[in-house]
Amino acid sequence: MNSSPSTILPKAVSVPARVSPRRHLAQAAPWLAAAAVVGYALVVGGYPATVVGFALIYAIFVSGLNIFMGLTAQVSFGQSAFAAIGGYGSAILTTQYDWTWAPAMLAGLAAAVAAAFVIGYPTLRLKGHYLSMATLAIGLIAHEIAVQWESVTLGYLGISGVPPIDIAGFELSSDRATLTMLTVCVLATAFAVARIRRSRLGRAFAGLAGSEDAARALGIDVARYKLLSFLLAAGFASFSGSLFVHVVGYVSPEVFSLHMVILSFTMLYVGGIGTVVGPVIGALVVSVLPETFRALRDYQDLAYGAALILLLIFAPRGLAGLFAALDTRRKP
Amino acid sequence: MDFTLIGQSLVSGLGIGCVYGLIGIGFCVIYNASGIVNFAQGAFVMLGGMITHALFVRVELPYGLAILLAVLIVALIGVVLERVVVRPLWTRNAPMFVMILATLAAQIVIERLTYLAADDQPKTLPVFTDVPPIMLRGIAVNIQSLWIITGSLAIVALLALFFKTTRTGKAMRACAINREAAALQGIPVHSMLALAFALSAGLGAVAGIMLTPTQYTAYDVGVPFAISGFIAAIIGGFGRPFGAFLGGLMLGVVQATAILYFGAGLKTVIALSILLLFLFVRPSGLLGAAK
């Protein structure tokens with residue numbers, strides 16, 4: 001019952017054909033909005049730069065989630081596990097074994113993708129609420145291991161003193177340098193997602209998002225492409241986890257809790273599931289908005305949850321869907 | 001390994017297993033009425049304990065009355081959840097995943113509201129009857145565990161009676177078998193969904209209230225209970241209420257025994273590993289999934 005296109009969206013996300021020039025503006029608008037927010041933070045620096053920096057790290061995580069859920073129409077509540085592997089990999093290798101950041105990040109990435117392979121192979125055969133609960137369990141197990149395996153992760157205490165990323169001897173420790181680096185990372189991620197979406201691989205994903213049976217009939221190896229999509233999502237999750245620990249300099253189990261999962265889904269739905277720009281917009285909006293209402297800090301989780309419910313009911317295609325709707329309305 | 005130690009953990013395992021079983025039944029009741037898996041199930045367990053505590057300690061109602069009122073209030077909250085979150089999505093034909101995500105978000109919202117209304121301190125309730133534990137061949141049997149076990153068995157028996165003999169119970173079973181056909185027979189399928197949420201919320205509340213004297217409750221205890229209840233439902237074959245109860249007992253006993261060997265810290269990991277094992281090897285459960 002759940003291999004149908006309706007698992008994620010009532011209508012499967014189609015890969016758009018060539019766009020007419022009229023649509024270019026509508027397509028550029030969300031990117032320009034994102035650029036304005038990041039540009040403002042770059043100029044002002046300080047606290048706004050920190051907030052936007054976090055948003056950009058989340059944008060990478062959510063982009064990975066979007067490959068698996070938006071493009072391939074599968075479900076995972078456990079992507080936080082792979083962010084945790086990347087994050088803890090980077091933190092442990094750089095602080096305890098004096099590795100430099102790049103090989104540590106790659107090692108974390110390799111470990112996350114390997115874990116995703118081992119986990120994904122049996123898990124992705126499941127469907128519907130079985131798949132949902134299995135992936136949720138994986139996320140919670142990762143969190144629990146981070147708490148309990150104290151000899152390596154230091155439990156709730158967390159690992160502090162993770163060095164910032166340095167490029168050619170230049171340490172990216174200032175707000176602006178970090179933000180610039182993160183912007184480059186997000187652009188690279190978005191570019192990669194856009195390329196994947198238009199490639200043979202992306203068409204295979206869209207095919208099995210539309211109908212697994214139809215995709216199989218067309219000769220698409222459904223199990224293989226599902227796994228591939230899962231591995232890609234895990235890779236981006238691990239990348240964002242590594243970036244997080246280097247930017248913050250600290251990691252603890254709370255970072256990768258259920259809160260992270262709900263937050264990332266809110267971002268995905270705010271921005272618009274299945275689009276390239278959606279995760280970026282969603283991450284920026286969801287991170288920046290609560291900061292403008294400082295008094296509401298205690299109510300943040302409440303607001304995320306309530307906003308997510310309202311979005312799911314009234315606007316399941318998110319802000320990106322809104323831009324698209326405006327665009328089609330303008331057409332004759 | 002000491003025999004009394006194993007016996008001891010068996011008793012506590014059966015007690016907590018009953019609670020898992022009741023939560024698992026809650027999953028099945030909603031699933032059967034609608035095909036929805038309500039991931040906010042744990043919120044009812046948490047609310048049961050928290051509201052009883054508020055009524056008993058803050059409002060200073062008599063214990064029995066506080067418990068009764070708390071169960072009714074939680075059942076009402078279940079109906080509200082159905083009206084506000086589930087119904088709008090249901091009428092819009094939302095995909096199953098969206099429903100799961102929405103109920104999970106509802107879980108977070110209820111958690112935070114409870115946190116704001118109360119605080120983040122763990123709370124506990126007095127035991128139902130203040131009697132020293134009974135000693136059985138060196139095994140101390142906690143009286144509250146007996147309350148949980150007999151209370152749960154009574155509830156399961158009442159439920160069986162409800163589903164077998166009453167008109168409403170039969171109507172709910174008809175919905176589980178075939179919703180369209182049930183609607184054609186004039187059964188109000190929509191009110192059955194609201195009723196299923198009330199029933200399932202009430203069950204969760206009772207489970208939470210009975211368990212709180214032996215442990216504690218706090219605004220964030222819900223999710224682990226929901227997962228344990230879900231595991232119970234999976235072991236019993238999803239959609240079989242009484243299978244879920246047996247599944248809960250099994251999970252409770254296995255978990256209690258595993259704690260003996262691996263320590264209490266890995267409690268959640270053990271439960272989740274059992275879940276994954278079942279999902280990978282036998283997702284239809286021991287009795288086979290309903291339908």
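Below, each value reflects all heavy atoms present in this structure, side chains not excepted, and no hydrogens, waters or symmetry copies. Chain letters run A, B, ... following the sequence lines, proteins first, then strands; residues in each count from 1.
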Assess, by modelled atom type and distance only, whether the side chains of A/Tyr156 and A/Glu254 contain a donor and an acceptor separated by less than 3.5 Å. no

Verify whether the ring centers belonging to A/Phe205 and A/Phe68 lie closer than 6.0 Å. no

Is B/Ile234 close to chain A through its backbone or its side chain, or both, or neither, when contacts mean heavy atoms under 4.5 Å? side chain

Which region of B/Tyr115, side chain (C-beta onward) or backbone (N, CA, C, O), has a non-hydrogen atom less than 4.5 Å from a non-hydrogen atom of chain A, or is it both or neither? neither

Check whether B/Leu116 gets within reach of chain A through its side chain, its backbone, both or neither, counting any heavy atom under 4.5 Å. side chain

Whether A/Asn66 side chain and A/Leu71 backbone form a donor-acceptor pair below 3.5 Å: no

Given that the side chain runs from C-beta out, which part of B/Leu279 has a heavy atom under 4.5 Å from chain A: side chain, backbone, both or neither? both

At a heavy-atom separation under 4.5 Å, does B/Val84 approach chain A through its side chain, its backbone, both, or neither? backbone

Side chain, backbone, both or neither: which part of B/Ala106 has an atom under 4.5 Å from a heavy atom of chain A? both

Any side-chain to backbone donor/acceptor pair from B/Arg58 onto B/His53? Under 3.5 Å, distance only. no

Looking only at atom types and distance, does a side-chain atom of B/Gln107 sit under 3.5 Å from a main-chain N or O of B/Ala43, one as donor and one as acceptor? yes

Measure from the side-chain N and O atoms of B/Ser12 to the backbone N and O of B/Ala256, and report whether any donor-acceptor pair falls under 3.5 Å. no

Distance-only, no hydrogens or angles: does the A/Ser229 side chain make a donor-acceptor pair with backbone N or O of A/Tyr225 under 3.5 Å? no

Greatest number of non-hydrogen atom pairs under 4.5 angstrom with chain B, of A/Ile145, A/Ile141, A/Leu131, falls to A/Ile141

Pick one of side chain, backbone, both or neither for A/Ile262, based on which atoms fall under 4.5 Å of a heavy atom in chain B. side chain

In terms of heavy-atom proximity below 4.5 Å to chain B, should A/Thr266 be classed as side chain, backbone, both, or neither? neither

Can you say whether A/Ile138 sits under 4.5 Å from chain B via the side chain, the backbone, both, or neither, judging by heavy atoms? side chain

Side chain from CB out, backbone as N, CA, C, O: work out which of these in B/Val85 comes under 4.5 Å of a heavy atom of chain A, or both, or neither. both

Heavy-atom cut-off 4.5 Å, strictly under: side chain, backbone, both or neither for A/Leu312 against chain B? both

Could you tell me whether the side chains of B/Ser200 and B/Gln41 share a donor-acceptor contact shorter than 3.5 Å? yes

Region of A/Leu302 in contact with chain B, defined by heavy-atom distances below 4.5 Å: both

Whether the side chain of A/Ser252 engages the backbone of A/Gly158 through a donor-acceptor N/O pair (distance < 3.5 Å, no angle test) should be reported. no

